[in-house]
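Comments concern the structure below.
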Number of protein chains: 2
Amino acid sequence: MPKYNIPVEAALEVIGGKWKVVILCHLIENKRRTSELKRLMPGITQKMLTQQLRELESDGVIKRIVYNQVPPKVEYELTEYGWTLKGALDMLCAWGEQHIEKTYPNKEEVLLDS
Amino acid sequence: MPKYNIPVEAALEVIGGKWKVVILCHLIENKRRTSELKRLMPGITQKMLTQQLRELESDGVIKRIVYNQVPPKVEYELTEYGWTLKGALDMLCAWGEQHIEKTYPNKEEVLLDS
DNA sequence: TGCTATAGGCACCTGGAAGTAACAATTGTA
DNA sequence: TACAATTGTTACTTCCAGGTGCCTATAGCA
């Protein structure tokens with residue numbers, strides 16, 4: 001049984017860490033295959049991706065869909081509960097965008113894909 | 001010069017880590033003295049508190065107000081720029097609250113202060 | 001026969017985030 | 001004289017999130 005001093009800690013327990021917010025932002029745009037996520041997040045390793053996806057799944061915010069075919073195909077998408085995070089995630093993304101613009105006026109220099 | 005694959009990473013660079021979101025949530029409610037923050041966050045150490053406050057300050061989201069008196073008095077409050085985070089932080093806090101209610105129906109068991 | 005693509009498991013290791021503990025500085029006060 | 005209160009610094013240490021590398025299974029194809 002966890003103990004929180006302030007409710008927001010419960011949110012951080014679910015979406016905290018280096019990768020989960022990024023994963024969820026990608027899943028807001030679209031459901032994604034494992035290999036897609038890896039491509040979208042060049043810095044993540046297979047192990048971390050799997051691990052973070054497992055944790056998000058066991059927290060009930062994403063769902064894993066396995067297609068029985070070879071080579072394997074697995075898709076991840078937000079659950080209904082996961083969609084309740086959309087508001088917070090969207091605002092975080094928007095803030096990140098304008099923070100880049102404010103901090104680096106020519107943002108091409110810091111945005112890798114785009 | 002940092003490199004981001006997705007804009008939200010810029011937000012995580014500012015409010016990521018174990019403590020910053022919690023600190024900011026407390027500063028949304030009120031400006032706070034150092035000792036108040038320590039009391040509100042029983043788990044944090046003096047060193048981590050100072051360190052996180054310094055980083056938030058150099059990112060321009062909080063401001064440090066020193067009163068020339070002994071013993072020292074220092075207050076921290078959000079800057080105008082820091083207030084642009086309010087939307088995202090509020091939604092995160094709200095999500096945390098309802099996540100606790102959903103996960104632990106009698107939330108008294110997991111909420112320490114309140 | 002060997003290579004590809006896909007998703008993932010597992011053992012081990014490391015870097016840096018976070019924690020610990022001691023110290024400084026100043027003034028009032030018991 | 002010694003301690004309290006407040007904020008902060010510094011050196012040292014610990015620990016685990018995250019990284020590395022190697023392994024599995026399966027079917028198709030050159």
Side-chain angles (χ1 to χ4, degrees), chain A residues 2-6 8-27 30-59 62-77, chain B residues 2-6 8-9 11-24 26-27 30-59 62-77:
Chain A
K3 297 290 176 189
Y4 308 116
N5 291 289
I6 189 177
V8 75
E9 289 178 354
L12 295 179
E13 199 163 81
V14 175
I15 65 165
K18 188 174 174 181
W19 299 110
K20 288 180 181 172
V21 166
V22 177
I23 292 174
L24 292 172
C25 285
H26 285 304
L27 292 184
N30 237 313
K31 67 181 163 193
R32 302 287 190 185
R33 297 187 57 175
T34 311
S35 51
E36 277 184 289
L37 288 172
K38 247 190 293 188
R39 184 173 42 74
L40 292 167
M41 297 183 280
I44 201 171
T45 60
Q46 169 74 55
K47 176 198 154 190
M48 285 310 296
L49 179 56
T50 304
Q51 179 180 312
Q52 304 301 304
L53 289 169
R54 291 285 180 283
E55 293 179 7
L56 289 170
E57 191 189 0
S58 83
D59 280 324
I62 71 172
K63 130 183 50 170
R64 183 165 180 269
I65 302 157
V66 182
Y67 298 82
N68 274 332
Q69 61 185 55
V70 170
K73 176 177 175 182
V74 178
E75 281 181 341
Y76 294 93
E77 63 180 44
Chain B
K3 297 290 174 188
Y4 307 117
N5 291 289
I6 189 178
V8 76
E9 289 178 355
L12 295 179
E13 199 163 81
V14 175
I15 65 166
K18 188 174 174 181
W19 298 109
K20 288 180 181 174
V21 166
V22 177
I23 292 174
L24 291 173
H26 285 304
L27 293 185
N30 236 312
K31 67 181 164 191
R32 301 285 190 186
R33 298 188 57 176
T34 310
S35 51
E36 276 184 288
L37 288 172
K38 245 190 297 187
R39 184 173 42 74
L40 291 167
M41 298 183 279
I44 202 171
T45 61
Q46 169 74 55
K47 176 198 151 189
M48 286 309 298
L49 179 56
T50 304
Q51 179 180 312
Q52 305 299 305
L53 289 169
R54 290 286 179 282
E55 294 178 8
L56 289 171
E57 191 189 1
S58 82
D59 280 323
I62 70 171
K63 129 182 52 170
R64 183 166 180 267
I65 302 158
V66 182
Y67 297 83
N68 274 333
Q69 62 184 56
V70 171
K73 175 177 176 183
V74 178
E75 282 181 339
Y76 294 93
E77 63 181 42

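Below, all heavy atoms of this structure are taken into account, side chains as well, without hydrogens, waters or symmetry copies. To find a chain, count down the sequence lines: A is the first, B the second, and so on, and within it residues start at 1.
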### Task
Scan B:T45 against the nucleic acid and name what it touches under 4.0 Å (heavy atoms): base, sugar-phosphate only, or nothing.
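It contacts base atoms.
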### Message
Counting the atoms with a prime plus P, OP1 and OP2 as sugar-phosphate, which does A:Y67 contact under 4.0 Å by heavy atoms, base, sugar-phosphate, or nothing?
### Response
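Nothing, no nucleic acid heavy atom in range.
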Could you give the [atom1]-to-[atom2] distance, from [X] to [N], as a whole number of Å?
X	N	atom1	atom2	answer
A:Q69	D:dT26	CD	C1'	12 Å
B:L49	C:dG19	CG	P	11 Å
B:M41	C:dA18	CE	P	13 Å
B:R32	D:dT7	CZ	P	13 Å
B:E13	C:dA17	CD	C1'	15 Å
B:Q52	C:dG19	CD	C1'	13 Å
A:E55	D:dC16	CD	P	14 Å
A:Q51	C:dA11	CD	C1'	14 Å

Where the side chain of [X] is defined as all heavy atoms beyond and including C-beta, which of [options] is the nearest nucleotide?
X	options	value
A:T50	C:dT6, C:dG9, D:dG18	C:dG9
B:R54	D:dT7, D:dG8, C:dG8	D:dG8
B:Q46	C:dG8, D:dG19, D:dT9	D:dT9
B:P72	C:dG19, D:dT6, D:dG8	D:dT6
A:V74	D:dT9, D:dT7, C:dG8	C:dG8

### Message
For A:G17 and B:K73, find the nucleotide of DNA chain D closest to each by heavy atoms; which residue's nucleotide sits nearer the 5' end?
### Response
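That would be B:K73.
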### Task
On DNA chain D, check which nucleotide each of A:I44 and B:E75 is closest to and give me the residue with the more 5' one.
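Residue closer to the 5' terminus by nearest nucleotide: B:E75.
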Can you find a side chain N or O atom of [X] that sits less than 4.0 Å from OP1 or OP2 on [N]?
X	N	result
B:S35	D:dT7	yes
A:Y76	C:dG8	yes
A:R33	C:dA7	yes
A:R64	C:dG8	yes

Once rounded to the nearest 0.5 Å, what's the spacing between atom [atom1] of [X] and atom [atom2] of [Y]?
X	Y	atom1	atom2	value
A:L53	A:L27	CG	CG	7.5 Å
B:L40	B:I23	CG	CD1	11.0 Å
A:I65	A:K31	CD1	NZ	6.0 Å
A:R39	A:I44	CZ	CD1	14.0 Å
A:E57	A:Q52	CD	CD	13.0 Å

### Message
Assuming nearest nucleotide by heavy-atom distance, tell me which of A:P71 and A:K47 is located more 5' along DNA chain C.
### Response
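Of the two residues, A:P71 wins.
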### Message
Do A:T50 and A:T34 have side chains that approach each other closer than 4.5 Å (heavy atoms only, starting at C-beta)?
### Response
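No, their side chains stay 4.5 Å or more apart.
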### Query
Taking N and O atoms by type only, does the side chain of A:K18 place a donor or acceptor under 3.5 Å from a partner on the base of D:dG18?
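Side chain to base: no pair below 3.5 Å.
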